[in-house]
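Below: the structure, in structure tokens.
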Number of protein chains: 2
Amino acid sequence: MDTEAVEKVVRMPSVKRLPGYLCILRRFQMQGRELVSTTHLAEEIGLAPIVVRKDLEITGITGKPKVGYPVPELIEGIENFLGWNNATDAFLAGVGCLGSALMGYQGIRNNGLNIVAGFDNDPAKIGSTVHGRSILPLKKLPDLVRRMHVRIGILTVPADAAEEVAQMMISAGIKGIWNFTTVDLKTGPDIVVQKEDLSSGLAALSVKLKRAKEKKEEETES
Amino acid sequence: MDTEAVEKVVRMPSVKRLPGYLCILRRFQMQGRELVSTTHLAEEIGLAPIVVRKDLEITGITGKPKVGYPVPELIEGIENFLGWNNATDAFLAGVGCLGSALMGYQGIRNNGLNIVAGFDNDPAKIGSTVHGRSILPLKKLPDLVRRMHVRIGILTVPADAAEEVAQMMISAGIKGIWNFTTVDLKTGPDIVVQKEDLSSGLAALSVKLKRAKEKKEEETES
DNA sequence: TTTTTATCGATATATTTTTATCTATTATAC
DNA sequence: GTATAATAGATAAAAATATATCGATAAAAA
């Protein structure tokens, strides 16, 4: 159908590793490095060179044999691929511990996302500012989403409010939800939900620790 | 070698989904439900029943046809598999925005991890308490790790201090590090590191949103 | 200039993870 | 009792992901 139907498959694991490369590359750039090979990148990030090369492939940036990739070009390529070159506005709902932390988290601001305001139901919070951004009443969210054409919502409300607030976001026009609650949101197919689950990371840590311990005990036995 | 070498493979994706089931199952238990089928669990969590069945397999708990799994047994089975039945002590280093949030985050406390103290270098923070836990000077961490036999460290320090503090933890006897920094820690093979990377989640969200948008535009064209 | 070495890029293989199929089991309805 | 439907559990196929191999290329060294 297209003149050039490349139909490149985008593997999620690769996408998720891109910010890691980006972070290292930005440091290299500050150090004045012009070129970087996958070998060096792999060493920095603790992965195999082959993984790095495969990952960078999706950005479309090409390197030169014996030399590597040009650092600035690679940074731009990754930012471009992720759409992080011009920051996207986002609203955050639920200014609790985690919500406040996210509003002040530098890592988000550096990565193409601009939290323009926080929303909450707590009268004590409404009207105040958190890390320079004002906290507004939750009921004002839909109207502001429409007026400012905000497409991304960050959900840090308590579990029992998650579904309701998510629906509020969606019906106002939010297209992507970064979900920090434990709730599995029921949304239509055109809404993108990224669930950020701390407990799954903890589960992975627990199991890996348990296995490491068992392995050590086996070794001691023999 | 063993009398019963079952040699069951533990798939990480399955492990990471277990906390999700656990959360739902606890709610079911509060509602007084005695039994649950994978069909119902799958519906709740938004996955295919077959996935759920495969995942629950690793806990060793068995269900009955036409009936399902006994809820309390399944909860215990998952908690047992993850080692979440008796809480593990942990230290947190770096009481900034994110560190404070984690110290107050209920999800951690409910899931087998007990943050007993926070550590920081900032004199303004030292001596205070955050969510009921005291903040101690970072240099006291190694001694306390040894005396209290703490095995898990949570790393929420700034990027440039990450490697140093991690080494401090490891040489004191910490075996598992929950790493919230952007740094890829260089550790030995017997140290387990779980990197919790918000930016990779954001990358996934960005790409999924971009693809959804492109798809919609294609549909509009035709 | 020729050789050597590092590295990319493409292709191929292996592994892991997901999804599907089939059979056996058990409660419920008839 | 017997038939039926729902569901676990085992096995198999497919898809996704990770890893390895190899030739080509460009810079540096001989």
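The chains referred to below are lettered A, B, ... by the order of the sequence lines, with proteins before strands, and numbering in each begins at 1.
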Practice task
Would you check if the side chain of K210(B) reaches a backbone N or O of F81(A) as a donor-acceptor pair within less than 3.5 Å?
Solution key: yes
Donor-acceptor pairs are to be reported for all side-chain atoms of residues 95-111 of chain B against protein atoms at under 3.5 Å, with residues two or more places apart or in another chain.
residue	atom	partner	partner atom	Å
S100(B)	OG	G96(B)	O	2.7
N111(B)	OD1	R26(B)	NH1	3.3
N111(B)	ND2	G107(B)	O	2.8

Problem - Where protein sits on nucleotides 24-30 of chain C, one letter per nucleotide: B base, S sugar-phosphate only, - none, heavy atoms under 4.0 Å - result: -BBS---
Problem - Rounded distance (Å) that lies between atom P of dT7(C) and atom CD of E43(A) - result: 10 Å
Handout entry: DNA chain D: 5'-proximal contact among I61(B) and S14(A) (nearest heavy atom)
Key = I61(B)
Practice task
Take the protein atom CG of L35(A) and the nucleotide atom C1' of dA6(C), then report the distance between them rounded to whole Å.
Solution key: 13 Å
Side chains of residues 156-169 of chain A: which donor-acceptor pairs under 3.5 Å do they make with residues two or more places apart or in other chains?
residue	atom	partner	partner atom	Å
T156(A)	OG1	A93(A)	O	3.0
T156(A)	OG1	G94(A)	O	2.6
E163(A)	OE2	K186(A)	N	3.1
Q167(A)	NE2	K186(A)	O	3.3

Exercise for the section: Could you list where the contact with chain B starts and ends along DNA chain D, reading 5' to 3', using a 4.0 Å heavy-atom cut-off? Expected result: dA6(D) to dT11(D)
Handout entry: Gap between atoms CD and C1', on E57(A) and dA10(C) respectively (whole Å)
Key = 8 Å
Problem - Below 4.0 Å: OP1/OP2 of dA20(C) and any side-chain N or O of R53(B) - result: no
Problem - Sorted by number, the residues of residues 190-207 of chain B with heavy-atom contact under 4.0 Å to DNA chain C - result: none
Practice task
Indicate the atoms forming the closest heavy-atom contact of S206(B) with W84(A), along with that distance.
Solution key: OG-NE1, 2.9 Å
Practice task
Could you check E196(A), K16(A), Q194(A) and say which one makes a side-chain contact (heavy atoms from CB on, under 4.5 Å) with S200(B)?
Solution key: K16(A)
Fill in the blank from the handout: Note on DNA chain D: ranges paired as stems (three or more Watson-Crick/G-U pairs in a row, both atom distances under 3.5 Å) are C:1-30 with D:1-30
Practice task
Give a yes/no on whether any side-chain N or O of T39(A) is located under 4.0 angstrom from OP1 or OP2 of dT7(C).
Solution key: yes
Problem - Heavy-atom closest contact (L47(B) atom, Y21(B) atom, distance) - result: CD1-OH, 3.8 Å
